[in-house]
Amino acid sequence: MTIQWFPGHMAKARREITEKLKLIDVVFELVDARVPLASRNPMIDEITAGKPRLLLLNKADMADPEVTRLWVEYFQGKGLPVLVLNSKTGQGINKIEAAAKELVKEKFDKMKAKGIIKPRAVRALILGIPNVGKSTLINRMAGKNIAVTGDKPGVTKKQQWIKVGSSLELLDTPGILWPKFEDQSIGLKLAVTGAIKETLLDFSEIVLFALNYYKDHYPERLQERYNLEEIPEEAIQLFDAIGKKRGCLMSGGLIDYEKTAEIVLRDIRAEKLGRLSYERPVQV
Ligand code: G4P
């Protein structure tokens with residue numbers, strides 16, 4: 001899927017989310033563990049309008065585990081509860097129900113004490129930008145026992161609820177947010193991790209961005225994968241060196257950047273360079 005958001009799309013997405021928020025107690029914000037800031041909507045606080053939120057770092061199986069650990073500390077330090085997930089295998093999702101209960105405990109206890117609500121399941125909505133794994137997670141959480149608990153009053157569209165465990169109900173359609181496009185590096189991070197398909201951006205540009213990052217953070221992975229004796233100072237020289245090693249040459253001995261970029265991008269996607277993260281928390 002190619003993402004192209006226009007102001008009209010954003011307004012519609014926001015309206016849809018606002019409608020869904022009326023039905024739920026807690027928001028599960030899904031982001032890509034490799035780029036937890038770039039894969040977030042910058043207006044999330046405003047959009048979720050004070051609903052309790054659980055941050056889910058998905059695709060953790062592809063992220064650098066050490067960096068993910070730093071992110072968990074970072075978000076916890078900001079008072080945001082966070083869990084690490086692999087929605088493909090289901091790793092980590094068994095912790096979601098308890099975390100959601102904890103988030104609403106105080107409010108529920110008060111309402112119960114006042115007799116406002118009877119004991120009931122916590123209702124949740126999954127929110128995130130395209131391709132972070134929302135459908136994968138919903139399917140995983142639904143498992144084999146999708147139990148539709150009926151429509152809720154006040155909504156025109158049919159909303160279905162998926163029962164998870166004994167005390168959680170999840171809306172079966174996620175809220176789709178738009179990524180932040182103003183910043184060029186955000187687009188590149190989303191492209192390298194596959195959230196934006198290549199058609200929008202030039203292959204070489206994406207790979208140059210990735211090589212520049214690896215040069216500083218994962219030089220040994222590059223050396224190993226491409227059999228390089230040393231890592232050059234400039235990313236473009238690195239591009240040259242990899243092109244040469246892989247025999248991507250045009251007539252006159254010039255490097256075929258397009259072909260080199262294709263090879264490197266394929267390697268990245270196939271995790272030939274290992275588990276990589278593209279953002280690290282800045283210590284302040
Ligand atoms: P969305 O609803 O948020 O748009 O995302 P979706 O679930 O469609 O997931 C987008 C891609 O990310 C899918 O891959 C999906 O399998 C993959 N994915 C989701 N969660 C995880 C995870 O925790 N780990 C890994 N490694 N991948 C994850 P795809 O290539 O589009 O489809 P497929 O080849 O898996 O069928």
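Here, residue 1 is the first one in the sequence, and each next residue gets the next number. Indexing begins at 1, ligand by ligand and atom by atom, following the structure's order.
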- prompt: What atoms in ligand 1 come closer than 4.0 Å to a heavy atom of N86?
  reply: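 Result: 22 (C), 23 (O), 24 (N).
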query: At a 4.0 Å threshold, what atoms of ligand 1 neighbour a non-hydrogen atom of K134?
result: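 Answer, ordered by atom number: 1 (P), 2 (O), 3 (O), 4 (O), 5 (O), 7 (O).
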- prompt: Hey, is R34 close enough to D64 for a salt bridge, meaning N to O under 4.0 Å?
  reply: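 No salt bridge links R34 with D64.
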- prompt: Salt bridge between E46 and R14, side-chain N to carboxylate O under 4.0 Å?
  reply: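 Yes, charged N to carboxylate O under 4.0 Å.
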Pi-cation contact, Y218 with R280 (under 6.0 Å, within 45°):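 Cation-pi check for R280 and Y218: passes.
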Kindly list each side-chain donor-acceptor pair under 3.5 angstrom involving residues 184-195, sequence neighbours excluded, with atom names and distances?
unit_1: Q184; atom_1: NE2; unit_2: E205; atom_2: OE2; d: 2.9
unit_1: S185; atom_1: OG; unit_2: D183; atom_2: OD1; d: 3.2
unit_1: K189; atom_1: NZ; unit_2: E279; atom_2: OE2; d: 3.0
unit_1: T193; atom_1: OG1; unit_2: K189; atom_2: O; d: 2.8
unit_1: T193; atom_1: OG1; unit_2: L190; atom_2: O; d: 3.2

field: Polar proximity ligand 1 side, M62 side, N/O cut 3.5 Å exclusive
entry: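 Not met; the criterion fails.
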query: Taking distance alone, with no angle check, do A60 and ligand 1 share an N/O pair under 3.5 Å?
result: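 No.
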- request: Quick one: sort the F239 and Y257 rings into parallel, tilted or perpendicular, breaks at 30° and 60°.
  value: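 F239 vs Y257 ring planes: perpendicular.
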- request: Specify side chain, backbone, both or neither for D61, according to which of its non-hydrogen atoms lie closer than 4.0 Å to ligand 1.
  value: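 It is the side chain that gets close, since no backbone atom is under 4.0 Å.
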- prompt: Who's closest to atom 19 (C) of ligand 1 heavy-atom-wise, of T136, L30, I129?
  reply: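 The option holding the nearest heavy atom is T136.
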